[in-house]
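No hydrogens, no waters, no symmetry mates; every other heavy atom, side chains included, goes into these values. So that the names make sense, note that chain A is the first sequence line, chain B the second, and so on, each numbered from 1.
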Protein chains: 2
Amino acid sequence: MAVTQTVGGPAAAGKQMLSEQVHARLRAAILHGAHAPGDALKPQELAKEQGVSLAVVREALVRLVGEGLADRLPNRGFAVPAFSDRRWQELTEARLTVEEPMLRMSVQRGDVEWEARVRAAHHRLARTPAFAPEEGEYYSDAWAEAHRAFHRTLLEGCGNSVLLDTFDRMWTASELARRWSGHSTPHRSSADEHRRLEEAALTRDPAAAAAALVRHLSLTAAALSPESATGTS
Amino acid sequence: MAVTQTVGGPAAAGKQMLSEQVHARLRAAILHGAHAPGDALKPQELAKEQGVSLAVVREALVRLVGEGLADRLPNRGFAVPAFSDRRWQELTEARLTVEEPMLRMSVQRGDVEWEARVRAAHHRLARTPAFAPEEGEYYSDAWAEAHRAFHRTLLEGCGNSVLLDTFDRMWTASELARRWSGHSTPHRSSADEHRRLEEAALTRDPAAAAAALVRHLSLTAAALSPESATGTS
DNA sequence: GTAGCACGAATAATCGATTATTTTGCCGAG
DNA sequence: CTCGGCAAAATAATCGATTATTCGTGCTAC
């Protein structure tokens, strides 16, 4: 029986490798919190669920491990990584360390095209409601994506793809860690902070932009662990 | 017949997954320059060479892609990534951007145990000859490893595993890019620079340490592209 | 009553073979 | 002589099944 049933959604999903699709779906599911930290990601279940063979699920899982979205326990399969507060703090500090100089470079180097994209990204973010009625608990996918796009666009002016890859990696890890660190909602003044960031960037004021970013990230971190500043041990 | 008696060395080499071993071997081979950039990494060849099935080679390759040590061309297999001068410059800039603040943190936070490890790492590096007679063209594996260990140890005082992972990733990419960017040998004064780095770190002088690191990395970059400072478009 | 072991079920890791896609070589039309 | 298409070979992607390891259970010895 040569029944090559292409999965195909209504939107003509086109031709992609199966492992790519499975990887994307699994990644989205993990980021959406469909699997709790520590939960085992069983290849058999996933394979049956998605109607593919073990090999493609395995490949997707290996990729996820590389992205930090899954842990591998030798001879014991895969699992959703557990996130401690400690890890969340490290993530925030790392983002500050990397993004602050990136933003400075960006502001110094970005051209008019970059300015235009920053404006566009901020507009999209400002006009996207953070919460969708049906999704309730967590902020909407649309807002999360607009948020990511704004922050990334701000940094893209630096023109360094290695640093931008680093940003992508840390952003993803942050999104997952944030979801499971008790702190999920965008805090009250984030819209203000984003406006300040945009303004400083378009004014070509590196110091002001850096300061705004540091404040933005610090507030995000502080909202989670109010008394974190005291050194541990 | 229970034939699987893996004797294992006296040091109890233990049981590792096949894919792990294959991944390690392939990774080492690529970093050693056994495959030229652009060369296809054919699963069949590799599988026959190493006497394993396609699945394990495939898994190893997927992992390598995640580490940036291989490219994936959809439906066209895997290949060794090509490195342009541009990429090498980006890598160097990224390392500067990330490692300089890391080193400052490290110097500020590192404890006595860290100081001891820095001393030990520098001693090993200083006592390891950069060139081994039999390896000729390129610097010795032992030196490369001592070099990496010294730089990493310097930064480990920062205590941030996310940043250290970023360092690892960039270091690996740098090693591969350097090999194929025409610039291979450690330059004349690297021993001096390492000594200065160690001294500044143990003196707990963040500014001096950062300055020494910046000089070290800048020289490395400059040695490759002498006239690179002029911004490209 | 509990510790330890044997056995069986579950699941991970690997394999050999099948299917789909791309590349290569050849032939004829223009 | 070159361009375009067709067939054959090569190779990538996927699958179904096999082997190895771990996990759970119940029995036995003490």
Is A:D39 reaching over with its side chain to a backbone N or O of A:V80, donor-acceptor style, under 3.5 angstrom?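 Answer holds: no.
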
Side chain B:W114, main chain B:L155, donor-acceptor under 3.5 Å: no

Roughly, in whole Å, what's the span from [atom1] in [X] to [atom2] in [N]?
| X | N | atom1 | atom2 | value |
| --- | --- | --- | --- | --- |
| B:L73 | C:dT21 | CG | C1' | 14 Å |
| A:Q50 | D:dC15 | CD | P | 11 Å |
| A:L54 | C:dT11 | CG | C1' | 10 Å |
| A:Q16 | C:dA20 | CD | P | 18 Å |
| A:L18 | C:dT21 | CG | C1' | 13 Å |
| B:L61 | D:dT11 | CG | C1' | 13 Å |
| A:Q21 | D:dA13 | CD | P | 14 Å |
| B:F78 | C:dT22 | CZ | C1' | 15 Å |

Check this one for me: any side-chain N or O of [X] less than 4.0 Å away from OP1 or OP2 of [N]?
| X | N | answer |
| --- | --- | --- |
| B:S53 | C:dC15 | yes |
| A:R76 | D:dT21 | no |
| B:S19 | C:dA13 | no |

Check A:R86 with A:E90, please: is the shortest side-chain N to carboxylate O separation under 4.0 Å?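 Between A:R86 and A:E90 there is a salt bridge, with a charged N closer than 4.0 Å to a carboxylate O.
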
Is A:R119 salt-bridged to A:E115, going by a charged N under 4.0 Å from an acidic O? no

Counting heavy atoms from C-beta on, name the nucleotide in C:dT21, C:dC15, D:dC15 closest to the side chain of B:N75. C:dT21

Given C:dT22, C:dC15, C:dT14, the nucleotide with the shortest approach to the side chain of A:R58: C:dT14

Partner of B:L125 by side chain to side chain contact (heavy atoms under 4.5 Å, CB included), out of B:R148, B:E145, B:H147: B:H147

Both B:G77 and A:V52 contact DNA chain D. Taking the nearest nucleotide for each, which residue is further toward the 5' end? B:G77

I want to confirm an ordering. Mapping A:P74 and A:A55 to their closest nucleotides on DNA chain D, which one lands closer to the 5' end? A:A55

Using side-chain heavy atoms (C-beta onward) and a distance below 4.5 Å, is A:R72 in contact with A:V62?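 Side-chain contact under 4.5 Å: yes.
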
Check whether any side-chain heavy atom of B:F83 lies under 4.5 Å from a side-chain heavy atom of B:R178, and answer yes or no. no

Within residues 42-49 of chain A, those residues having any heavy atom closer than 4.0 Å to DNA chain C are A:K42, A:P43, A:Q44

